[in-house]
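Structure first, then comments.
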Amino acid sequence: MVEKELQAITARQEIVQEQQSLKAITNELRGLLTQTEKNFLRIGKLLYEVRHGELYIQEGYSDMWSWFRENFNFEVRTAQMLMRIWAYFGVGRAILIPEQTLAEVGYVKSYLLTMLYDCGKLDSSNLKDWIEIAKENSTREFQSIVRENCGRHDEDKEKWVSVSLRIPPDGLERFEEIINAVAENEGIRPDEVKKKRGELVLRILEDWYGYFYDVLYAQDLDKEEKRNLKIKKVIDQLEGAFRVKVAVFDEDGTRIY
């Protein structure tokens with residue numbers, strides 16, 4: 001009985017410590033988010049710690065991004081990008097890269113490096129070469145290089161498909177805000193945004209996949225379970241961000257969600 005009581009006390013103490021940690025992280029983030037480019041690694045690390053430790057639960061939130069939206073006036077997508085960079089390179093889930101190197105590359109190019117890793121073009125043997133390419137080219141140029149190496153060709157040569165997305169009137173402004181934020185982060189000029197809308201929406205979806213990647217593949221699940229869990233998480237994000245209902249169909253046109 002005494003041993004159980006001691007365990008209960010220890011558990012309560014740990015919860016209190018987590019609550020204090022979350023409060024400290026929240027306060028620190030409010031200062032860091034005013035200078036994203038300068039502080040992107042620290043921001044990514046703190047966000048990763050909140051999610052990895054599920055610290056948001058200690059203040060009554062059911063998910064991390066509900067906590068984030070209520071406490072910060074900051075683009076969620078950018079926050080996800082920064083956390084993705086840290087999850088891939090800061091803690092070495094993909095490749096461990098020195099913080100100084102990532103800082104020199106900058107957060108948009110560091111994010112593009114995560115895409116190179118996902119498509120199998122970046123590994124420890126060619127990391128140094130890719131870092132140099134990132135440093136030597138502008139953000140826009142590096143983006144084109146990454147897309148080419150990952151099998152994304154010039155849009156005029158691609159066979160495009162049409163996808164419709166119904167958005168309620170009160171969600172349209174938010175949708176445009178997200179697209180413009182993505183364009184700015186990717187170095188796309190305002191006059192090019194309309195032409196690149198499909199590409200930008202696809203990039204948003206790719207970011208969601210990247211956000212869930214290290215969570216899903218750290219779990220002991222088979223391929224089918226991982227696939228279903230990933231789809232469900234992406235649907236929840238889409239419906240929450242745009243306030244739409246999402247249906248998923250397989251290649252034969254059968255609805256699976």
Side-chain angles (χ1 to χ4, degrees), residues 11-12 14-30 32-33 36 39-88 90-91 93 107 111 114 118 165 167-168 170-171 173-175 177-179 181-182 185 201-221 225-248 256-257:
R12 286 195 295 271
E14 290 176 351
I15 291 175
V16 170
Q17 290 173 352
E18 288 180 344
Q19 288 176 323
Q20 292 173 339
S21 297
L22 182 61
K23 183 176 291 185
I25 287 173
T26 301
N27 291 335
E28 184 176 355
L29 279 172
R30 288 198 174 106
L32 294 172
L33 290 170
T36 306
N39 303 312
F40 76 92
L41 285 173
R42 180 62 179 169
I43 295 169
K45 180 179 181 180
L46 292 174
L47 292 174
Y48 179 86
E49 290 177 355
V50 171
R51 188 192 67 184
H52 188 69
E54 296 185 327
L55 300 182
Y56 51 85
I57 293 176
Q58 305 309 320
E59 290 191 2
Y61 294 96
S62 60
D63 66 272
M64 174 176 176
W65 299 112
S66 295
W67 161 76
F68 188 83
R69 288 187 180 94
E70 288 195 21
N71 284 277
F72 308 101
N73 182 23
F74 190 82
E75 177 58 51
V76 170
R77 178 187 176 278
T78 303
Q80 291 172 339
M81 286 174 60
L82 305 185
M83 185 170 65
R84 172 182 167 123
I85 293 167
W86 185 262
Y88 274 54
V91 293
R93 285 186 177 273
Y107 80 87
Y111 167 74
T114 70
D118 275 353
L165 179 64
I167 303 174
D170 60 349
E173 183 177 348
R174 175 62 174 163
F175 182 72
E177 177 186 345
I178 293 172
I179 287 181
V182 175
N185 285 333
V201 172
L202 180 60
R203 187 61 49 81
I204 295 170
L205 297 175
E206 288 174 341
D207 289 347
W208 273 319
Y209 172 79
Y211 165 60
F212 295 126
Y213 180 89
D214 66 303
V215 178
L216 295 170
Y217 286 82
Q219 299 183 38
D220 185 18
L221 302 173
E225 287 178 311
K226 288 175 181 176
R227 172 180 176 273
N228 292 337
L229 180 58
K230 181 178 70 177
I231 291 175
K232 180 63 168 60
K233 285 179 176 293
V234 171
I235 288 175
D236 290 343
Q237 286 285 322
L238 281 170
E239 292 184 342
F242 298 115
R243 294 195 291 277
V244 297
K245 297 300 293 182
V246 177
V248 180
I256 56 178
Y257 284 95

Checklist entry - Looking at Val76, Leu47, Ile57, which one forms a side chain to side chain contact (heavy atoms under 4.5 Å, CB included) with Met64? => result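 Exactly one pass, corresponding to Leu47.
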
Can you measure from [atom1] ([X]) to [atom2] ([Y]) and round to the nearest 0.5 angstrom?
X	Y	atom1	atom2	value
Gln80	Arg51	CD	CZ	9.5 Å
Ile43	Leu33	CD1	CG	4.5 Å
Leu41	Trp86	CG	CH2	6.5 Å
Ile179	Arg77	CD1	CZ	11.0 Å

Item to check | Glu75 side chain reached by Glu177 side chain, heavy atoms, under 4.5 Å | outcome: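 Touching, per the 4.5 Å side-chain cut-off.
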
Checklist entry - Are any of the side-chain heavy atoms of Leu32 and Phe40 separated by less than 4.5 Å? => result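 Of all side-chain heavy-atom pairs linking Phe40 with Leu32, none is under 4.5 Å.
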
Checklist entry - Taking only residues two or more places apart in sequence, or in another chain, which ones meet Asn27 in a side chain to side chain contact (heavy atoms under 4.5 Å, CB included)? => result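 Listed in chain order: Lys23, Arg30.
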
Next on the checklist: Which residues pass the ring-ring contact (aromatic ring centres under 6.0 Å, His included) test with Phe74, not counting sequence neighbours?
Outcome noted: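 With neighbours one apart ignored, the set is empty.
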
Item to check | Partner set under side-chain hydrogen bond (donor to acceptor under 3.5 Å, both in side chains) for Thr36, not counting sequence neighbours | outcome: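 Here no residue qualifies.
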
Item to check | Contacts of type side-chain hydrogen bond (donor to acceptor under 3.5 Å, both in side chains), residue Glu70, not counting sequence neighbours | outcome: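 Glu70: side-chain hydrogen bond (donor to acceptor under 3.5 Å, both in side chains) contacts with Tyr61.
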
Checklist entry - Quick one: does Asp63's side chain have a donor or acceptor within less than 3.5 Å of a partner on Ser66's backbone? => result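 Yes, because the side chain of Asp63 sits within donor-acceptor range (under 3.5 Å) of the backbone of Ser66.
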
Next on the checklist: If you compare all heavy atoms of Ala79 against all heavy atoms of Trp65, which two are closest, and at what distance to 0.1 Å?
Outcome noted: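 The answer is CB-CZ3, 3.9 Å.
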
Checklist entry - Shortest non-hydrogen contact from Leu29 to Trp67? => result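 Scanning both residues completely, I find the closest heavy atoms to be CD1-CH2, 3.9 Å.
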
Checklist entry - Residues two or more places apart in sequence or in another chain: which of them pass salt bridge (Lys or Arg N to Asp or Glu O under 4.0 Å) with Glu49? => result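 Testing Glu49 for salt bridge (Lys or Arg N to Asp or Glu O under 4.0 Å), a comparison that skips the adjacent residues, returns none.
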
Checklist entry - How far apart are the C-alpha atoms of Thr78 and Tyr107, what are their side-chain angles, what is the distance that settles it, and do they pass the side-chain contact (heavy atoms from CB on, under 4.5 Å) test? => result CA-CA 10 Å; Thr78 303; Tyr107 80 87; 4.2 Å; yes

Checklist entry - Has Arg84 got its NZ or CZ under 6.0 Å from the middle of the six-membered ring of Tyr88, at an angle within 45 degrees of the ring axis? => result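 Yes, Arg84 lies over the aromatic ring of Tyr88.
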
Next on the checklist: Parallel, tilted or perpendicular, judged at 30° and 60°: which one describes the rings of Phe72 and Phe68?
Outcome noted: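 The rings of Phe72 and Phe68 sit tilted, inter-plane angle from 30° to 60°.
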
